[in-house]
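Excluded from the calculations below are hydrogen atoms, water molecules and symmetry mates; all remaining heavy atoms, backbone and side chain alike, are included. Order of the sequence lines fixes the chain letters, A, B, ..., with proteins taken first and strands second; residue numbering starts at 1 for each chain.
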Protein chains: 2
Amino acid sequence: MMSEVETRTASEHTRARLLDAAREVFSQYGFQGATVREICRRADANGAAVNYHFGSKEGLLTEALNFSQLAALQNDNVKSADCPKERLRLFLRDFMLMLLDEKNASSQCRIMARELADPTPALDQIVSEAIAPLHKFLGKLLREIVGDQVSETELRRCVYSILGQCQFYRHSHPVLQRMNPKLRYDHKEIEAIAEHIADFSLAGIRHLAKKST
Amino acid sequence: MMSEVETRTASEHTRARLLDAAREVFSQYGFQGATVREICRRADANGAAVNYHFGSKEGLLTEALNFSQLAALQNDNVKSADCPKERLRLFLRDFMLMLLDEKNASSQCRIMARELADPTPALDQIVSEAIAPLHKFLGKLLREIVGDQVSETELRRCVYSILGQCQFYRHSHPVLQRMNPKLRYDHKEIEAIAEHIADFSLAGIRHLAKKST
DNA sequence: CAGATTATCAAACGCTTGTTTGAAAGTAAA
DNA sequence: TTTACTTTCAAACAAGCGTTTGATAATCTG
């Protein structure tokens with residue numbers, strides 16, 4: 001039964017299944033709400049597997065976090081040859097697709113969003129590895145758009161305004177769906193949302209840039 | 001020892017203390033994270049008091065919710081004689097003061113914000129009594145600003161953009177404070193934030209109104 | 001005052017949680 | 001095959017949870 005060639009060892013296979021299940025369950029129920037037993041059940045692993053492989057529930061969360069997709073998105077954007085405004089549009093499109101697409105491996109972002117409401121010790125890692133770089137990336141991008149006249153404080157608030165809009169759709173999803181049952185985050189809808197945020201924000205940014213000159 | 005004249009009965013006094021403590025603890029730890037024992041400890045009440053007076057932890061949450069402040073804020077705003085844009089500014093100022101002021105009895109809003117991330121059965125009540133009216137109020141206000149040419153969908157997205165910005169500061173507070181330790185939501189800072197959101201959003205709204213004519 | 005009702009209390013209940021245990025099974029090298 | 005090591009497993013553990021209990025105290029009622 002142990003003749004698999006793909007997976008290195010059975011142990012690593014279990015580890016991987018646990019990580020997958022963990023991302024799923026953590027993103028769905030949050031760190032507190034998620035139970036080790038449920039994660040093990042979905043991973044078809046024994047209840048002691050988490051502690052054996054990751055030391056603790058928290059260790060599992062730490063290893064389950066993976067921001068490579070978010071980092072790649074920013075990297076690609078920086079390398080693109082488009083003008084800053086267009087790059088903001090592109091970023092918002094990709095970011096919202098990652099953030100809202102249900103099928104996507106956006107569990108990372110969902111876990112992140114949950115941590116905001118309910119910080120665990122993993123929040124430090126999330127802030128330094130994902131959120132801070134993201135803010136820095138957006139800050140630079142906006143700086144290219146507004147020029148040098150806008151203060152750092154105002155620029156930071158613009159970053160907040162943009163991220164606030166983005167997070168709203170993920171964060172308030174349960175509420176929005178109750179008030180508007182036909183709401184569905186399909187590909188087309190997500191692109192429309194991203195476009196709205198881009199239009200809305202670029203107008204807001206331009207206004208600030210004008211005001212300060 | 002029972003010669004208090006202020007409180008109707010000792011029982012009602014206990015109820016009131018429990019409700020106060022509940023708002024405090026729920027807003028601090030969320031519904032899941034809050035424990036009945038901690039609430040009772042802060043209320044100087046016996047561990048069985050919650051079940052005796054409110055039936056269950058969830059019953060306590062239901063009764064602890066109180067949106068009168070939020071409703072009053074909208075009522076006052078509607079009655080004001082200012083132009084729609086100025087009323088939006090005023091609303092944002094009052095709303096952010098309520099949302100961010102630590103001393104304020106903004107626990108209601110904090111509980112609300114927590115429910116968004118982690119819905120409990122009380123979310124239905126919160127949506128119908130607080131969030132839906134709030135969205136409706138903002139929708140009407142924005143409609144006055146943009147006129148009839150903007151579609152319902154676009155208008156709704158503008159409401160989302162504004163609320164998203166507002167919620168961001170409450171919701172991401174733990175993160176923002178880690179990245180910017182000197183951050184403090186004092187009265188002046190809150191007003192500056194509200195003003196930024198107003199400027200940013202009015203520019204975004206104007207842009208959409210222009211585009212659709 | 002006497003009796004009925006209401007409120008408080010310490011203690012315990014049943015359940016779920018993350019974690020530990022020690023044996024069994026699997027794996028790898030000699 | 002023997003030996004040493006790793007991984008899995010069912011079971012149990014201690015701690016914390018919301019809730020219930022039954023006795024005690026306080027309050028109201030007639």
Undergrad: Could you tell me the separation between the CZ atom of B:Phe54 and the P atom of C:dT8, rounded to a whole number of Å?
TA: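 Answer to the nearest Å: 11 Å.
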Undergrad: Quick one: does A:Phe67's side chain get under 4.5 Å of A:Ile126's, heavy atoms only?
TA: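 Side-chain contact under 4.5 Å: yes.
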Undergrad: I need the NE2-P distance between A:His13 and D:dT8, as an integer number of Å.
TA: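 Atom-to-atom, A:His13 to D:dT8, this comes out as 11 Å.
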Undergrad: Can you find an N or O donor on one side and an acceptor on the other, under 3.5 Å apart, linking the side chain of B:Arg37 with the base of D:dG16?
TA: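 Between D:dG16 and B:Arg37, which were checked side chain against base, a qualifying N/O pair under 3.5 Å is absent.
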Undergrad: Rounded to whole Å, please give me the gap between CG in A:Leu60 and P in C:dT17.
TA: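 Nearest whole value for this atom pair: 16 Å.
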Undergrad: How many whole angstroms separate atom CG of B:Asp44 from atom P of C:dA7?
TA: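 That distance rounds to 19 Å.
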Undergrad: Between atom CD in B:Gln32 and atom P in D:dG18, what is the gap in whole Å?
TA: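 Distance check: B:Gln32 CD to D:dG18 P gives 10 Å.
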Undergrad: Out of D:dT8, D:dT19, C:dA10, which nucleotide sits closest to the side chain of A:Thr14?
TA: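 Within the option list, the nearest is D:dT8.
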Undergrad: Counting only distance, no hydrogens or angles, is the base of C:dA7 paired donor-acceptor with the side chain of B:Asn46 under 3.5 Å?
TA: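 There is none.
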Undergrad: Between D:dT6 and A:His53, is there an OP1 or OP2 to side-chain N/O distance shorter than 4.0 Å?
TA: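 So the side chain of A:His53 is outside the cut-off, no N or O lying under 4.0 Å from OP1 or OP2 of D:dT6.
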Undergrad: Under 4.0 Å between a side-chain N/O of A:Ser11 and OP1 or OP2 of D:dT6, yes or no?
TA: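 It does not, given that no N or O in the side chain of A:Ser11 lies less than 4.0 Å from OP1 or OP2 of D:dT6.
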Undergrad: Could you work out which one of C:dT19, D:dG18, D:dT21 sits closest to the side chain of B:Lys57?
TA: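 Out of C:dT19, D:dG18, D:dT21, the nucleotide with an atom closest to B:Lys57's side chain is D:dG18.
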Undergrad: Rounded to whole Å, how long is the line connecting atom CG of A:Leu18 with atom P of C:dG18?
TA: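 Rounded to whole Å, this separation is 14 Å.
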Undergrad: Could you work out which one of C:dA10, D:dG18, C:dT17 sits closest to the side chain of A:Thr35?
TA: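 Taking heavy atoms from C-beta onward, the closest nucleotide is C:dT17.
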Undergrad: By the 4.0 Å heavy-atom rule, please label B:Ala48 as base, sugar-phosphate, or nothing.
TA: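 Here B:Ala48 touches the bases of the nucleic acid.
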Undergrad: Which of these nucleotides, C:dG18, D:dT8, D:dT19, is closest to any side-chain atom of A:Tyr52?
TA: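 When the side chain of A:Tyr52 is considered, D:dT8 is the closest of C:dG18, D:dT8, D:dT19.
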Undergrad: Separation of B:Asn51 atom CG from D:dC17 atom P, in whole Å?
TA: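 It is 14 Å, rounded to the nearest whole Å.
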Undergrad: Mind calculating the distance between CD1 (B:Ile39) and P (D:dT19) to the nearest angstrom?
TA: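 To the nearest whole Å, that distance equals 11 Å.
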Undergrad: For the aromatic rings, using the six-membered ring if either is Trp, is the centroid distance between A:Tyr160 and B:His196 under 6.0 Å?
TA: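 So the answer is no for these two rings.
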Undergrad: Would you kindly compare A:Val36 and B:Gly47 by the position of their nearest DNA chain C nucleotide and give the one closer to the 5′ end?
TA: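 Residue closer to the 5' terminus by nearest nucleotide: B:Gly47.
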Undergrad: B:Glu115 and B:Thr120: side-chain donor and acceptor closer than 3.5 Å?
TA: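 Yes.
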Undergrad: Could you tell me which non-hydrogen atom of A:Asn77 sits nearest to which non-hydrogen atom of A:Leu141, and how far apart they are?
TA: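 So the two residues come closest at OD1-CD2, 4.3 Å.
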Undergrad: Could you go through A:Ile111 and A:Phe31, starting from their C-alpha distance and side-chain angles, then the distance that decides it, and tell me whether this counts as side-chain contact (heavy atoms from CB on, under 4.5 Å)?
TA: CA-CA 8 Å; A:Ile111 297 176; A:Phe31 181 74; over 6 Å; no
